[in-house]
Amino acid sequence: MASEREVFGLSGPLHLTNIDWNNAHHRRSVAASLVEGVYILERDRQEKREGSQALAPPWWEFFHFKLVRKLIDDVDFCIFGAIYEYKPPSSHCNDSIVSIDGNPRYVIAFRGTITKPDSFTRDFELDIHIMRNGLHQTSRFEIGMQAVRNMVATVGASNVWLAGHSLGAAMAMLAGKTMAKMGNFLEAFLFNPPYLSAPIERIKDKKVKHGIRIAGSVITAGLALAARGKNPRSRSEDPFSALSAWTPSLCVNPADHLCSEYIGYFEHRKKMEEIGAGAIERLATQHSLGGLFMSVVGKGVETAKPLHLLPSANLTVNLSPSNDFKQAHGIHQWWRPDLNLKCSLYKFK
C-alpha cells in the first residue's frame with residue numbers, strides 16, 4: 001500500500017498553482033518536487049504500479065514538466081535519476097529553446113538512498129563510495145554524468161538545471177563540479193548534501209566550536225604547504241579557483257548531522273576573514289585533513305577531493321523545528337510554505 005507521502009495530492013506543494021520562476025521559494029520547491037518524482041518512479045517500479053496506478057507523474061506534471069528519460073543503474077536496474085523537460089501551455093511561452101523568465105528548459109534530477117530491499121544494497125554501496133571519495137569511479141555516476149554532458153552539448157548549460165537529494169545531491173554536486181571545471185555553470189539545487197566529518201556543528205559552546213575549527217584550519221593549511229613542497233606542480237594548479245564562479249544552491253537542516261557541517265564550513269571561512277586569517281582559511285578550505293596527511297607521510301596522493309570542498313554557494317538553512325532526523329533529512333521539508341529560512345551567499349575570494 002502506498003504511503004501518504006508518495007501521493008502528490010496529499011503531500012505535494014499544492015499551494016504553488018502559479019510559478020514565479022524568479023521566486024527562490026518557487027524554484028526550490030519545484031526542484032525538490034522533481035527529485036521526489038524520481039523517488040516515486042523507483043517506488044512505482046518496485047511496487048509494479050503502472051498506468052493509472054502509478055503515483056509518480058503528478059510530481060512533475062503539476063508544474064508542466066514532461067518525463068523525457070529515466071536514468072537506470074546498470075547493476076541493479078533501479079531508477080536513480082530522470083530528465084524532465086519544461087512544457088508549459090502555449091499561453092505561457094513559445095517553443096523556443098531559450099529559457100523564459102528564469103525557468104529551466106530541462107532538469108536532471110537524482111534521488112537519494114531508498115531503504116527498500118530492491119535498491120538498498122546498491123544505494124548503500126554508493127554511499128560507501130562517497131565516504132571514500134570514490135563516487136566519480138562508479139558506473140552509476142558515469143551514466144548520470146554522460147546524461148548531463150549530452151544535454152548540455154545539445155541545449156546549452158543555461159538551459160539545464162541539476163537537482164538531487166542526499167546521495168542524489170552528491171551525484172548532482174559532482175556533476176556540477178565536473179561541468180564547472182569545463183566552464184559550464186549549471187543551476188543546481190542540492191538538498192541535504194552529505195558532508196562527512198566530525199560533528200563539530202553539534203557543539204553548543206560557540207567558543208569551543210570556533211577554537212576547534214581554527215586549530216583544524218591551521219593544521220590543514222600547514223599540511224597543504226608541506227604537500228606543495230613535495231609536489232611542485234600543485235603550486236600552478238588551482239582547480240578550486242576554477243570552480244569559484246559556480247554557485248550551487250545548498251539546502252541544509254542543522255538537525256541533520258549528514259549535512260549540517262556545511263553551516264560551519266562557510267561561516268568559519270567568513271569569521272577567519274574577519275580576524276585577518278583569511279589566507280590560512282583559503283588554503284585550508286581547499287583540502288581535506290585526512291588526504292593531506294596521507295600525502296605528506298608518503299602513503300599516496302589524494303586523487304579525489306571530498307565533495308564538500310566548495311568555493312561558493314547559496315546556502316539555505318532550514319531553522320524550522322524538526323521532530324526527528326528523518327524529518328530533518330527528508331526532501332518534503334523543502335516545499336513547505338511556512339519555513340523559517342536563513343539564506344546566505346558565500347563567494348570564494
Side-chain angles (χ1 to χ4, degrees), residues 3 5-6 11-12 28-47 55-56 59-60 70-73 75-84 107-136 138-141 143-145 147-148 161-177 188-196 248-253 255-262 306-308 316 318 322 324-335:
S3 72
R5 295 173 66 82
E6 293 179 307
S11 300
R28 182 185 65 252
S29 298
V30 172
S33 295
L34 296 180
V35 173
E36 178 68 357
V38 184
Y39 277 106
I40 310 305
L41 273 171
E42 173 56 16
R43 293 294 293 130
D44 281 346
R45 183 191 73 85
Q46 293 180 10
E47 299 295 329
L55 299 178
W59 289 94
W60 57 81
K70 303 171 186 175
L71 300 180
I72 311 296
D73 191 285
V75 174
D76 65 354
F77 305 107
C78 71
I79 301 169
F80 70 88
I83 302 176
Y84 303 101
V107 177
I108 304 176
F110 303 98
R111 67 164 176 83
T113 301
I114 293 180
T115 57
K116 301 294 181 181
D118 287 353
S119 55
F120 178 70
T121 300
R122 177 60 169 164
D123 288 352
F124 184 69
E125 178 186 332
L126 272 290
D127 292 333
I128 297 299
H129 278 290
I130 292 176
M131 296 182 206
R132 300 174 59 186
N133 303 324
L135 184 61
H136 64 292
T138 65
S139 59
R140 178 184 291 189
F141 173 72
I143 292 169
M145 189 67 240
V148 174
W161 284 13
L162 297 175
H165 174 248
S166 193
L167 166 61
M171 294 271 293
M173 184 182 296
L174 185 54
K177 279 187 168 184
F189 294 84
L190 311 175
F191 302 100
N192 302 80
Y195 186 128
L196 302 172
S249 296
L250 270 63
C251 299
V252 305
N253 189 313
D256 175 9
H257 63 270
L258 292 180
C259 68
S260 61
E261 289 302 309
Y262 277 106
L307 279 172
H308 70 258
T316 299
N318 182 8
S322 298
D324 50 31
F325 167 74
K326 184 177 181 180
Q327 184 180 39
H329 187 67
I331 188 70
H332 285 64
Q333 65 183 298
W334 297 112
W335 58 71

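Here the structure is a predicted model, which is why all the values come from computation and not from measurement.
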How many angstroms lie between CZ in Phe80 and CZ in Phe110, if you round to the nearest 0.5 Å?
-> 6.0 Å

Donor-acceptor contact below 3.5 Å, side chain Trp59 vs main chain Glu6 = yes

Is the backbone of Ala328 close enough, under 3.5 Å, to the side chain of Gln333 for a donor and an acceptor to pair up by distance?
-> yes

Check: Tyr195 main-chain N/O paired with Tyr262 side-chain donor or acceptor under 3.5 Å | no

Where the side chain of Asn192 meets the backbone of Leu167, is there a donor-acceptor pair that is under 3.5 Å apart?
-> no

Determine the minimum heavy-atom distance between Pro194 and Ala170, stating which atoms define it.
-> CG-CB, 3.9 Å

Please report the shortest heavy-atom distance between Val252 and Pro193, naming the atom on each side.
-> CG1-CD, 4.1 Å

Whether Asp44 side chain and Ala56 backbone form a donor-acceptor pair below 3.5 Å = yes

What is the minimum heavy-atom distance between Met145 and Ala175, and which atoms define it?
-> SD-CA, 3.7 Å

Could you grab the distance from atom CG of Asp118 to atom CZ of Arg45, nearest 0.5 Å is fine?
-> 6.0 Å

Is a side-chain donor-acceptor pair under 3.5 Å present for Asn253 with Ser322?
-> yes

Here the pair of heavy atoms bringing Ala255 nearest to Phe325 is O-CD1, 4.4 Å

Pro248 to Leu190 - nearest heavy-atom pair and separation = CB-CD1, 3.9 Å

Euclidean distance, Leu162 CG relative to Ile108 CD1, rounded to 0.5 Å = 6.0 Å

Decide, yes or no, whether a salt bridge links Asp123 with Arg140 under the criterion of side-chain N to carboxylate O below 4.0 Å.
-> yes

Asp76 and Ser119: side chain donor to acceptor below 3.5 Å = no

Which distance, rounded to the nearest 0.5 Å, do you find between the CG of Leu126 and the CE of Met131?
-> 11.0 Å

Any chance you could measure Leu71, atom CG, to Cys78, atom SG, to the nearest 0.5 Å?
-> 10.5 Å

CG-CZ distance between Leu55 and Arg43, expressed to the nearest 0.5 angstrom = 10.0 Å

Under the 3.5 angstrom rule, does the side chain of Arg111 hit a backbone N or O of Ile79 as a donor-acceptor pair?
-> yes

Parallel, tilted or perpendicular, as decided by the 30° and 60° cut-offs, for the rings of Trp335 and His332 | tilted

May I ask you to check whether His165 and His329 place their ring centres under 6.0 Å from each other?
-> yes

